[in-house]
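Values below: every heavy atom of this structure, side chains too, minus hydrogens, waters and symmetry copies.
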Amino acid sequence: LFLVSPVCASYCRFCTRRRKVGDPEKIPMSQFESAFQYLESHTEIRDVIMSGGDPLLLNDRRLDAILARLRSIKHIQIIRIGSRVPCHLPERITPELCATIKKYHPVWINTHFNHPDELTPAAVKGLGMLADAGIPLGCQTVLLRGVNDTPEVMKQPGLTRFFSYQVNTERFGLPGTWKPGSAPPPGSVVRDWDRVIELWYDNFRDWQRAVVGDQDQRRPVPEVPRV
């Protein structure tokens, strides 16, 4: 994980790095050289995720310089960029930005959409530009109560290809296609995607009841005053 920017296009309450984001002293942009030297000396590292903050809020020149340096390290095979820019600031996705990233293929971009309504025309256009530049796109989604915590929402077009990390993997097996403890056969997850989502939510609800109690016993989410 390579933190390359202290700023974001939006600031999320659920961010796992909110103690750092927005503070340039905690994500210093003056220490990139030491990070590159570390990566060069650790030949076991083959996958680098650029994050922050949001890497796509860097200007094209700085982003180009970082990608060029990473690509010059021979043992780094995979470069990924984690960004909410396609969702919250799609205007940042320009032909120049796409051309900059395209020079260093293969580069993956993991977007972050939490609800199909976030796929605005501007967002769809920006995603299309990235895809047309040959950039593989993924999506990570945070499960939010009252927003996307139903299979009906998550199975809508646009959000059906996301990673879900399960604690209880024993119960996540796909009946008839996936024996727990073994790798799923190629294509099984895609073929049974509706079943995967249903099982994922069943497991989540079991965990929710065990940890925080039933719906009626949980504390309501406090309202955030608008400024």
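Distance check, rounded to the nearest 0.5 Å: OG of Ser72 to CG of Leu70 gives 7.5 Å. The CG atom of Leu67 sits 11.0 Å away from the NE2 atom of His105 when rounded to the nearest 0.5 Å. Taken from CG in Asp132 to SG in Cys98, the straight-line distance is 8.5 Å, to the nearest 0.5 Å. For the atom pair CG of Asp47 and CD of Gln77, the computed distance is 9.0 Å after rounding to the nearest 0.5 Å. A distance of 12.5 Å separates CD of Glu96 from CG of Asn59, quoted to the nearest 0.5 Å. To the nearest 0.5 Å, atoms OG1 (Thr100) and NZ (Lys102) are separated by 12.0 Å.
Applying the salt bridge (charged side-chain N to carboxylate O under 4.0 Å, His left out) rule to Asp117 yields no partners; only residues at least two apart in sequence or on another chain are considered.
Counting only heavy atoms from C-beta outward, the side chains of His42 and Ile45 approach each other to under 4.5 Å. With a 4.5 Å cut-off on side-chain heavy atoms, Leu127 and Leu119 count as touching. Using a 4.5 Å cut-off on side-chain heavy atoms (C-beta onward), Arg69 and Glu33 make contact. Under the 4.5 Å side-chain criterion, counting only non-hydrogen atoms from C-beta, Cys8 is not in contact with His88. No side-chain heavy atom of Tyr38 sits under 4.5 Å from any side-chain heavy atom of Phe2. Residues Ile93 and Lys125 are not in side-chain contact: their nearest non-hydrogen atoms beyond the backbone lie 4.5 Å or more apart. The shortest distance between side-chain heavy atoms of Leu97 and Leu63 falls below 4.5 Å. In this structure, Asp64 and Arg62 have side chains that are not in contact, with every pair of non-hydrogen atoms separated by 4.5 Å or more.
Of all non-hydrogen atoms in His115 and Val147, the two that sit nearest each other are CD2-O, 3.2 Å. The shortest non-hydrogen separation linking Asp60 to Thr94 is OD2-OG1, 4.5 Å. Considering all non-hydrogen atoms of both residues, Pro86 and Ala123 come closest at O-CB, 3.3 Å. Nearest heavy atom pair, residue Gly134 against residue Pro136, reads O-CD, 3.4 Å.
The hydrophobic cluster containing Ile73 does not contain Trp108, counting ILVMFWY residues as joined when their side-chain heavy atoms lie under 4.5 angstrom apart, directly or transitively.
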Worksheet entry | side chain to side chain contact (heavy atoms under 4.5 Å, CB included) between Thr111 and Ile109, intermediate numbers included | CA-CA 6 Å; Thr111 64; Ile109 291 183; 4.1 Å; yes

Item to complete: For Ser51 and Leu1, run side chain to side chain contact (heavy atoms under 4.5 Å, CB included): C-alpha distance rounded to whole Å, both residues' side-chain angles, the deciding distance at 0.1 Å, then the answer.
Response: CA-CA 7 Å; Ser51 186; Leu1 181 63; 3.7 Å; yes

Discussion item. Salt bridge (Lys or Arg N to Asp or Glu O under 4.0 Å), that's the test. Do Arg84 and Glu118 meet it? Break it down for me.
Written reply: CA-CA 11 Å; Arg84 290 211 78 181; Glu118 292 182 312; 3.5 Å; yes

Discussion item. Could you walk me through whether Tyr11 and Val21 satisfy the side chain to side chain contact (heavy atoms under 4.5 Å, CB included) test, starting with their C-alpha distance in whole Å, then the side-chain angles of each, then the deciding distance to 0.1 Å, before giving a yes or no?
Written reply: CA-CA 8 Å; Tyr11 294 90; Val21 174; 3.2 Å; yes

Discussion item. One pair to check against side chain to side chain contact (heavy atoms under 4.5 Å, CB included): Ile66 and Phe32. What are the steps and the verdict?
Written reply: CA-CA 9 Å; Ile66 294 173; Phe32 285 171; 3.6 Å; yes

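At distances below 3.5 Å, at least one donor-acceptor pair connects side-chain atoms of Arg71 with backbone N or O atoms of Pro106. Arg46 contributes no side-chain N or O that, together with a main-chain N or O of Ile78, makes up a donor-acceptor pair within less than 3.5 Å. In this structure a side-chain-to-backbone donor-acceptor pair under 3.5 Å is present from His75 to Leu39.
Side-chain polar atoms of His112 and Asn110 form no donor-acceptor pair below 3.5 angstrom. A donor-acceptor pair shorter than 3.5 Å can be found between the side chains of Ser83 and Asp54.
In this structure, Lys103 places its NZ atom where more than 12 heavy-atom neighbours from other residues, nucleotides or ligands lie under 6.0 Å away.
With Pro55 as reference, Ile81 is the one residue of Leu3, Ile81, Val85 to meet the side chain to side chain contact (heavy atoms under 4.5 Å, CB included) rule.
Salt bridge absent: Lys74 and Glu40 never bring a charged side-chain N and a carboxylate O closer than 4.0 Å.
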